[in-house]
Peer 1: 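Have a look at the structure that comes next, please.
For clarity, every value in this text was computed on a predicted model and none was experimentally measured. Counting starts at 1 for both ligands and their atoms, in listed order.
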Amino acid sequence: MEVLIIGGGWSGIAAAIEATQRGVRVTLVEERHYLGGRARSFTDRVSGDEIDNGQHVMMGCYRALLNVVRTLGTEHLLERQSALRVAFVDTSGQSNVLDASRLPGMAGLGLALLRLSGIKVLSRLAAVRLALRIALGRASTTGLTCAEFLRQHHQPNDVIERFWEPVVLATINAPINKASADLLVTVMRLAFLGSTQDAQLLIPMVGLSDLIRPFQKWLEERGGVCMIGTGVEALERADDRIHSVRLSNGNTIEVQSVISCIPQRALHRLLLGSDMEPLRAAATPSSPIVSVYLWYSESWMSTDFAAALGTTVQWVFDKRRIRPGLVAVTVSAGYGIVTEQADEIVSLCDRELRQLFPSMKGVELKRGVVIKEKHATPLFTLEMVAVRPASTELSTVVSNLFIAGDWTDTGLPATLEGAARSGVNASTYALSQSLPNRQ
Ligand SMILES: Cc1cc2nc3c(=O)[nH]c(=O)nc-3n(C[C@H](O)[C@H](O)[C@H](O)COP(=O)(O)OP(=O)(O)OC[C@H]3O[C@@H](n4cnc5c(N)ncnc54)[C@H](O)[C@@H]3O)c2cc1C
């Protein structure tokens, strides 16, 4: 029994691991010359430092992702917090820490919110009340954006600006007036209102690509094939089945079952002009993330990372493990700056960091690199969440074609966990439906 997996991002890798562990032979085809898709690292040519296409943060509740890194033996490359702890800094140079380590689980977040200075006491109480309603399943989100949901639950401006909005941007990569409240409630329940372990932040200590480096060998040792630098150019079908795929190297390979683990835009291109074109789902708009790496003359951060309030800069990560003085800045849903020139973005970030961190006095900026991921994630508005397709959506017409990827319907935002979980789901369906006689 064989499965062809198209795409070597985290959804494709998770799908391949799942299928292989269930005893199926996997061929994975990735058109780029590297695995990892939108979560990859590369060597910066000038400094020789390994940097990511954008800082990624994971959480303890990322079960499908953790299964991948455990299987590949790379879990130790993730640094895990003992409990959720985030420093919020603002342009007055003040730092307020959300520290959920004082009590276990949900109570920890409740107490952390109550103690979070920089927000009025009544506003903190309002946030705790809403968190409680979410935990108890008493906060309806039907037809609401995050902004509407927060207003409906009487959240004052300061707690929206200093707590809820940073959470939405970081986890859903969408402005609060566009993001579906459904996703916010899911994130709160799974991550922040789960166990202490679920809420822990996990930060890679190495380049992202190192987390999946052993994958190709792992797959090949189990009889699979990993074709990197080879794209799928066409799916060839007869009746209700795909019988073969045409590759960019000119070869055609026969297939029994196909799992597409490519972004929606790429799947659209693949189906365009074929007799499967009508199966194309409505195109999801995407949301950009702008990442900036800044090399300073020396280290100046006193925490591993911090959330910034009231600035274009949203998150700052100390990358001293890679090189003392290197920091990574993230701007999610960065519509406002994605069209700006790189040197202007570098100057803006440097200026804002100096406002946020008085400790930068005397520190010199040596160089900056800007990475613009214009299609970082799908933009999950209310309309888009409503039409997210399930893994099995196309298999009702083409019985051996399944879909995965962060854009498919996992109920999660477009994240590494969403991608990994979608891959596991698609493999599970592919094996149970497309290969019914498998022992
Ligand atoms: C800058 C940035 C920061 C992010 N931060 C976080 C974060 O902190 N936490 C988090 O959880 N998530 C984060 N994300 C989101 C996360 O990276 C994505 O959700 C996830 O990587 C998507 O994985 P995927 O497998 O669905 O798709 P992709 O990673 O896009 O993989 C699809 C693969 O398919 C390949 N492909 C396409 N067409 C073909 C074809 N015809 N033939 C063969 N191969 C093909 C592509 O080359 C690609 O490698 C971030 C994303 C970005 C861009």
Peer 1: For atom 2 (C) of ligand 1, tell me which residue out of Thr415, Asp406, Ile289 has the closest non-hydrogen atom.
Peer 2: Ile289
Peer 1: Got a salt bridge between Asp198 and Arg189, using NZ or NE/NH1/NH2 to carboxylate O under 4.0 Å?
Peer 2: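 No.
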Peer 1: For ligand 1, is any non-hydrogen atom under 4.0 Å from Glu373's backbone (N, CA, C, O), its side chain (CB onward), both, or neither?
Peer 2: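 Just the side chain.
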Peer 1: Charged N to carboxylate O below 4.0 Å: is that the case for Arg323 and Asp44?
Peer 2: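 Answer for the salt bridge query: no.
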Peer 1: Looking at atom 40 (C) of ligand 1, what's its closest protein heavy atom, distance included?
Peer 2: Glu31 OE1, 3.6 Å
Peer 1: Under 4.0 Å from ligand 1, counting heavy atoms only, is it the side chain of Ala170, its backbone, both or neither?
Peer 2: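 It is neither part, as no heavy atom is under 4.0 Å.
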Peer 1: If hydrogens are left out, which of Ile262, Asp52, Leu208, Leu35 has an atom nearest to atom 36 (N) of ligand 1, that is, the closest non-hydrogen atom?
Peer 2: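 That would be Ile262.
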Peer 1: Taking the basic N atoms (NZ, or NE/NH1/NH2) and the acidic carboxylate oxygens, is any pair closer than 4.0 Å for Arg38 and Asp406?
Peer 2: yes
Peer 1: Is Glu233 touching ligand 1 with its side chain, its backbone, both, or neither, if touching means heavy atoms under 4.0 Å apart?
Peer 2: neither
Peer 1: Have Glu233 and Ser248 got a donor and an acceptor in their side chains that come within less than 3.5 Å?
Peer 2: no
Peer 1: How far is atom 51 (C) of ligand 1 from its nearest protein heavy atom, and which residue and atom name does that atom have?
Peer 2: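 Ranking protein heavy atoms by distance from atom 51 (C) of ligand 1, first comes His56 NE2, 3.5 Å.
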Peer 1: Under a 4.0 Å heavy-atom limit, does Trp407 contact ligand 1 with its side chain, its backbone, both, or neither?
Peer 2: neither
Peer 1: Tell me yes or no: between the side chains of Asn177 and Thr145, is some donor less than 3.5 Å from an acceptor?
Peer 2: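 There is no such pair between these side chains.
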Peer 1: Can you confirm, on distance only, whether ligand 1 has an N/O atom lying under 3.5 Å from any N/O atom belonging to Val57?
Peer 2: yes
Peer 1: Hey, is Ile6 touching ligand 1 through its side chain, its backbone, both or neither, going by heavy atoms under 4.0 Å?
Peer 2: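 For Ile6, only side-chain atoms sit under 4.0 Å from ligand 1.
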Peer 1: Quick test: of every protein heavy atom, which one is nearest to atom 15 (C) of ligand 1, and how far off is it to 0.1 Å?
Peer 2: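 The protein heavy atom lying closest is Ala414 O, 3.9 Å.
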Peer 1: Hey, looking at atom 49 (O) of ligand 1, which of Met59, Glu30, His33 has the closest heavy atom?
Peer 2: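 Among Met59, Glu30, His33, the closest heavy atom to atom 49 (O) of ligand 1 comes from Glu30.
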Peer 1: Considering only heavy atoms, does Ala376 approach ligand 1 within less than 4.0 Å through its side chain, its backbone, both, or neither?
Peer 2: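 The answer is both.
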Peer 1: Check the angle between the aromatic planes of Trp300 and Tyr296 and answer parallel, tilted or perpendicular using the 30° and 60° thresholds.
Peer 2: perpendicular
